[in-house]
Trainee: 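Got a structure for you, questions after.
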Amino acid sequence: MTRFPEILQILAATYPTAQTALNHDSPFQLLIATILSAQCTDERINIITRKLFSACPTVLEMDQLSISDLEDYIRSAGLWQTKAKNIKATCHKLIYTFEGSVPKTREELMLLPGVGRKTANVILANAFGIPAIAVDTHVHRVSNRLGLATAKKPEQTEIILMQHIPEQLWAKAHHWLIYHGRKICKARRPLCNNCPLNKLCPSATL
DNA sequence: AACTCGGGGCA
DNA sequence: TGCCCAGAGTT
């Protein structure tokens with residue numbers, strides 16, 4: 001595990017401005033965009049949220065939409081029946097349980113319909129700057145390929161990353177690993193020839 | 001732990 | 001045409 005510092009240093013130098021690829025102007029908008037992002041590419045989510053947030057920038061306005069209205073906005077995201085229902089319920093809960101603002105703890109965030117551990121960690125790290133590592137499919141895949149974690153479950157990978165990455169780097173590591181997974185260390189055809197980590201990676205095929 | 005939801009992009 | 005995608009909820 002002594003390879004952590006070197007890998008983090010390379011990632012930091014490679015992705016100095018890495019940030020979430022989801023459009024948002026507020027914690028609420030990031031929350032909605034992240035709920036929508038399940039099993040869907042971020043480019044399509046950004047097309048949807050551009051229209052949705054233009055019409056309903058805040059929770060109070062979005063809560064006025066019916067589930068049917070929401071379905072019309074988000075249909076191209078896939079899983080639209082569940083997501084529309086969850087977004088409607090989440091807006092309602094934000095207003096009547098959390099006084100209209102997005103809560104800042106993982107436990108409270110996970111009380112919102114459609115918000116699991118991964119989504120909650122994304123909100124904590126990106127919206128509030130609270131140290132958290134969202135181990136989505138990208139982070140999980142990259143960590144395992146690099147040999148940083150040998151874990152079947154994302155929860156195990158999250159624990160290992162937290163143990164070996166300094167806490168002040170958690171939010172950044174989250175950005176780096178997700179961005180690297182999207183652009184280089186792709187699930188299908190990883191671009192190992194263009195990867196700054198290929199000399200350190202036991203899975204690299206050059 | 002396995003199953004289901006789902007339209008769109010890509011091979 | 002078949003496979004896969006910034007997961008979460010249910011059983």
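Within every chain, numbering begins at 1; the chains are lettered A, B, ... in the order of the sequence lines, protein sequences first and strands thereafter. Every heavy atom of this structure was used, including side-chain atoms; hydrogens, water molecules and symmetry mates were not.
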Trainee: Round to the nearest Å and state the distance from A:Arg75 atom CZ to B:dG6 atom P.
Mentor: 10 Å
Trainee: Between A:Tyr15 and A:His175, is the ring centre distance below 6.0 Å?
Mentor: no
Trainee: Taking CD1 from A:Ile45 and P from B:dG6, how many angstroms apart are they, rounded to a whole number?
Mentor: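 About 14 Å, once rounded to whole Å.
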Trainee: What heavy-atom pair brings A:Leu31 and A:Ile123 nearest, and what distance separates the two atoms?
Mentor: CA-CD1, 3.5 Å
Trainee: Starting at the 5' end of DNA chain B and moving along, which residue's nearest nucleotide shows up first, A:Lys153 or A:Leu79?
Mentor: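 Its nucleotide being nearer the 5' end, the pick is A:Lys153.
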Trainee: At under 4.0 Å, does any side-chain N or O of A:Trp80 touch on OP1 or OP2 of B:dG6?
Mentor: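 Answer no for this pair, as no side-chain N or O of A:Trp80 is under 4.0 Å from OP1 or OP2.
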Trainee: Taking only residues two or more places apart in sequence, or in another chain, which ones meet A:Asn23 in a side chain to side chain contact (heavy atoms under 4.5 Å, CB included)?
Mentor: A:Asn46, A:Thr49, A:Arg50
Trainee: Any salt bridge between A:Arg182 and A:Glu43, counting N to O under 4.0 Å?
Mentor: yes
Trainee: Taking both distances under 3.5 Å as the test for a Watson-Crick or G-U pair, what stems of at least three pairs does DNA chain C have?
Mentor: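 As far as DNA chain C goes, consecutive pairing (with distances under 3.5 Å) yields the stems B:1-5 with C:7-11, B:7-11 with C:1-5.
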Trainee: Taking only the P atom of each, what is the distance from C:dT11 to B:dG6 in whole angstrom?
Mentor: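 The same atom, P, in both gives a distance of 16 Å.
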Trainee: Mind checking if A:Thr34 touches a base, just sugar-phosphate, or nothing, with heavy atoms under 4.0 Å?
Mentor: nothing
Trainee: Which part of the nucleic acid, if any, lies within reach of A:Gln81 when heavy atoms closer than 4.0 Å are counted: base, sugar-phosphate only, or nothing?
Mentor: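 If one applies the 4.0 Å heavy-atom cut-off, A:Gln81 turns out to touch the sugar-phosphate alone, with no base involved.
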Trainee: Just call it for A:Leu36: base, sugar-phosphate, or nothing, with non-hydrogen atoms closer than 4.0 Å on any strand.
Mentor: nothing
Trainee: Base, sugar-phosphate, or nothing for A:Thr137, non-hydrogen atoms under 4.0 angstrom?
Mentor: sugar-phosphate
Trainee: Quick one about A:Asn126 and A:His174 (side-chain donor to acceptor, distance below 3.5 Å, no hydrogens or angles considered), yes or no?
Mentor: yes
Trainee: So which one's nearest nucleotide on DNA chain C is more toward 5', A:Pro113 or A:Cys40?
Mentor: A:Cys40
Trainee: Please report, rounded to the nearest Å, how far the C1' atom of B:dG8 is from the NZ atom of A:Lys83.
Mentor: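 Taking atom C1' of B:dG8 as the reference, NZ of A:Lys83 is at 12 Å.
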Trainee: Whole angstroms only, please: what is the CD1-P distance between A:Ile47 and B:dG7?
Mentor: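 Taking CD1 of A:Ile47 and P of B:dG7, I get 17 Å after rounding.
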Trainee: Cut-off 3.5 Å, side chains only: do A:Glu108 and A:Thr105 have a donor facing an acceptor?
Mentor: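 Their side chains do contain a donor-acceptor pair, which is all the 3.5 Å distance test asks for.
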Trainee: Starting from P on B:dC10, measure out to NZ on A:Lys186 and report it in whole angstrom.
Mentor: 10 Å
Trainee: If you measure from the Lys or Arg side-chain nitrogens to the Asp or Glu carboxylate oxygens, is any gap between A:Lys153 and A:Glu158 under 4.0 Å?
Mentor: no
Trainee: Could you check A:Ser76 against A:Ile48 for side-chain contact (heavy atoms from CB on, under 4.5 Å), going step by step and ending with a plain yes or no?
Mentor: CA-CA 8 Å; A:Ser76 64; A:Ile48 290 173; 3.4 Å; yes
Trainee: Could you tell me which non-hydrogen atom of A:Pro166 sits nearest to which non-hydrogen atom of A:Leu8, and how far apart they are?
Mentor: CD-CD1, 4.2 Å
Trainee: Looking at every strand, decide which applies to A:Val139 at a 4.0 Å heavy-atom threshold: base, sugar-phosphate, or nothing.
Mentor: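 Answer is nothing: A:Val139 stays at 4.0 Å or more from every strand.
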Trainee: Is there a path of hydrophobic side-chain contacts, each under 4.5 Å between heavy atoms, that joins A:Phe53 and A:Leu60?
Mentor: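 In one cluster with A:Phe53: A:Leu60, yes.
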Trainee: Students often get this wrong, so: under 4.0 angstrom with heavy atoms, is A:Gly78 touching a base, only sugar-phosphate, or nothing?
Mentor: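 Answer is base: heavy atoms of A:Gly78 come under 4.0 Å of a base.
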Trainee: Identify whether any heavy atom of A:Ala33 sits under 4.0 Å from a base atom; if not, whether one sits that close to sugar-phosphate; answer base, sugar-phosphate or nothing.
Mentor: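 Nothing: the residue A:Ala33, judged by heavy atoms under 4.0 Å, touches no strand.
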Trainee: Contact class for A:Ala187 vs. all strands (heavy atom < 4.0 Å): base, sugar-phosphate, or nothing?
Mentor: sugar-phosphate
Trainee: How far does the C1' atom of B:dA2 sit from the matching atom of C:dA6, given to the nearest Å?
Mentor: 22 Å
Trainee: Can you give the first and last nucleotides of DNA chain C, 5' to 3', that have an atom under 4.0 Å from a heavy atom of chain A?
Mentor: C:dC3 to C:dG9
